[in-house]
Protein chains: 2
Amino acid sequence: MESGTRSRTRRAILGAAAEVLARDRAATLADIARAAQVGRSTLHRYFPDRDVLVEAAVADAYLVIQQSIQDAAVDEGPPLAALRRLVTAMVDAGDRLLFLYGDSSVLEGYEAGDEPDSVAQMMADLIKRGQAEGVFDPDLAVQWIQDTLWALVYTGCDSAGRGVLPRHGVATAVIRMLENGIRVQSRGDVESK
Amino acid sequence: MESGTRSRTRRAILGAAAEVLARDRAATLADIARAAQVGRSTLHRYFPDRDVLVEAAVADAYLVIQQSIQDAAVDEGPPLAALRRLVTAMVDAGDRLLFLYGDSSVLEGYEAGDEPDSVAQMMADLIKRGQAEGVFDPDLAVQWIQDTLWALVYTGCDSAGRGVLPRHGVATAVIRMLENGIRVQSRGDVESK
DNA sequence: TTGGTTTGGGACATTGATGTCTCATTTGAG
DNA sequence: CTCAAATGAGACATCAATGTCCCAAACCAA
């Protein structure tokens, strides 16, 4: 078991790591400790070395995102609505996401897993389902759509952090771009408000 | 003036820097020197320290991209066609682009410039023109469209590097996504082949 | 060939991050 | 309150990257 205190500082460190590393992946352990409002020695006490810390932070961030996406019940309802829920869920996990996908080398081996609950698997299933039901363009490779989705959400979160987009408008902007591109919305085929 | 030999090794180093740093932004100067097939001391002879090297590599990559985009004559013809030329130009400069935009902190101050020929300026002008002519969605912020464009091109180049997209299909995929999103292409409003 | 230029490799000092350790102090549960 | 758990600060050795310097060898133009 783990003492409540220990568990709390542990989470504080993991959160700070994700946040700081998202902004500067070359950040020092001292930086992370400071952000977590924790002594550098305490950090080392929980995570022997940098690799262990990063690995734990990745696993943690991944779990948060995975949980968030699972709650979106992406396998239910019409694909378009599911996609919107998915994007919203991803945006909500924005901080962790910026960290997780800011450095592609940080993932290594996480997307390899084939467990049915893996983030990539859930996304791929949704995309395929949408294509099968004739809602998504079947000419586009599933992997490409998936990459695009990640990229747009990532960009959206990043833009919000820089003030380009209002925090609450990120999901909407991403969804809109995904569904219509930059074309003018000629007919009322978007949403009914 | 500069000796032909010097000019040649200088370019070799800059090219290697862009290539290596694109893959691993924490790469060592020794790594870069090796990739450039040059002694580490030679590298230091041309670029006193890391900052100078990175700055020079950024400037070089930026120039290449800028030139490539200028050749696309983005301010001429219908916006949609211009956009397609722009994307193609950006994709062609893919290698440099992955480096330049792989680490957002590397740009710092380059997008600040207001020279009419700056990459950002040309892109913004095109987007505004497209909106004014009723081809691009005027509800989307110019900056957001611009960020999206970069993100998609970046993702496309990256995907090509990982084999997800065929090298020659990158521009097409990006353009298609930009213009239509992932929706099925209901009517013949895309292109005439 | 000759002489200046350019290069590669190695020795070297420096610097900053890292990881280990100790000890005094604070915290929190009982 | 009391004691064990947890912490923060700092001293310390280590290590890798960096930047400087030097010299012998390769190179290139005249």
Side-chain angles (χ1 to χ4, degrees), chain A residues 1-61 98-100 102-106 108, chain B residues 1-61 99-100 102-108:
Chain A
M1 213 21 177
E2 194 176 47
S3 124
T5 307
R6 282 193 76 83
S7 163
R8 217 174 319 122
T9 51
R10 172 179 213 82
R11 303 204 58 75
I13 294 176
L14 286 178
E19 181 185 327
V20 171
L21 290 177
R23 257 186 269 114
D24 173 19
R25 64 195 70 187
T28 290
L29 293 187
D31 294 334
I32 298 175
R34 199 175 320 117
Q37 293 181 305
V38 146
R40 195 168 68 91
S41 25
T42 300
L43 188 150
H44 273 323
R45 205 168 280 129
Y46 282 77
F47 305 97
D49 60 47
R50 193 181 228 279
D51 287 343
V52 173
L53 171 61
V54 172
E55 196 179 343
V58 167
D60 181 63
L98 285 179
F99 155 60
L100 209 48
D103 185 357
S104 52
S105 73
V106 118
E108 310 275 296
Chain B
M1 209 26 181
E2 194 177 47
S3 122
T5 308
R6 283 194 76 82
S7 163
R8 216 173 322 123
T9 52
R10 163 175 276 272
R11 303 205 59 75
I13 294 176
L14 287 178
E19 181 184 328
V20 171
L21 290 178
R23 258 186 267 114
D24 172 19
R25 63 194 70 187
T28 291
L29 293 187
D31 293 335
I32 298 175
R34 199 174 321 118
Q37 293 181 305
V38 147
R40 195 168 68 91
S41 26
T42 300
L43 187 151
H44 270 108
R45 205 169 282 131
Y46 282 77
F47 306 97
D49 59 49
R50 194 184 228 283
D51 287 343
V52 174
L53 172 60
V54 171
E55 196 178 343
V58 168
D60 181 62
F99 155 61
L100 209 48
D103 185 357
S104 53
S105 73
V106 117
L107 274 187
E108 311 274 294

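All values reported here derive from a predicted model rather than from experimental measurement. In what follows, chains are A, B, ... by sequence order, proteins preceding strands, each numbered from 1.
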Checking side-chain contact (heavy atoms from CB on, under 4.5 Å) for the pair B/Arg34/B/Thr28: CA distance, chi angles, key distance, verdict? CA-CA 10 Å; B/Arg34 199 174 321 118; B/Thr28 291; over 6 Å; no
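- As a whole-Å value, the separation of B/Arg34 CZ from C/dG8 C1' is 14 Å.
- When the side-chain nitrogen and oxygen atoms of B/Thr5 are compared with OP1 and OP2 of C/dT7, none of them lie within a distance under 4.0 Å.
- For the residue pair A/Ile13 and A/Leu53, the shortest heavy atom distance occurs at CG2-CD1, 4.0 Å.
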Can you give me the N/O atom pairs linking the protein to nucleotides 16-21 of chain C at distances under 3.5 Å, or say none if there are none?
residue : atom : partner : partner atom : Å
C/dT18  : OP1  : A/Arg50 : NE           : 2.8
C/dT18  : OP2  : A/Leu29 : N            : 2.9
C/dG19  : OP1  : A/Arg50 : N            : 3.2
C/dG19  : OP2  : A/Arg50 : N            : 3.2
C/dG19  : N7   : A/Arg40 : NH1          : 3.2
C/dG19  : O6   : A/Arg40 : NH2          : 3.1

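- Under the rule for a side chain to side chain contact (heavy atoms under 4.5 Å, CB included), the partners of A/Ser41 that lie at least two apart in sequence or sit in another chain are A/Arg45.
- Across the protein-nucleic acid pair, A/Arg6 atom CZ and D/dA5 atom P stand 11 Å apart, rounded to whole Å.
- At least one side-chain nitrogen or oxygen of A/Tyr46 sits closer than 4.0 Å to the OP1 or OP2 atom of D/dT7.
- Regarding A/Gln37, its CD atom lies at a distance of 10 Å from the P atom of D/dG8, rounded to whole Å.
- Heavy atoms only, all atoms of each residue included: A/Tyr46 and A/Arg6 are closest at OH-CA, 3.3 Å.
- In this structure, B/Thr42 has no side chain to side chain donor-acceptor pair (under 3.5 Å) partners at least two apart in sequence or on a different chain.
- For the side-chain contact (heavy atoms from CB on, under 4.5 Å) with B/Ile32, the lone residue among B/Leu14, B/Val20, B/Val54 that qualifies is B/Val20.
- When the side chain to side chain donor-acceptor pair (under 3.5 Å) test is applied to B/Arg23, the partners found at least two apart in sequence or on another chain are B/Glu19.
- A/Arg25 pairs by the salt bridge (charged side-chain N to carboxylate O under 4.0 Å, His left out) definition with A/Asp103, not counting sequence neighbours.
- The bend of the helix from C/dT1-D/dA30 to C/dG30-D/dC1, defined by the angle between the axes of its first five and last five pairs, stands at 40° to the nearest 10°.
- At whole-Å resolution of the value, CD1 in B/Ile13 and P in C/dT6 are 13 Å apart.
- Atom CG of A/Leu43 is separated from atom C1' of D/dA9 by 15 Å (rounded to the nearest Å).
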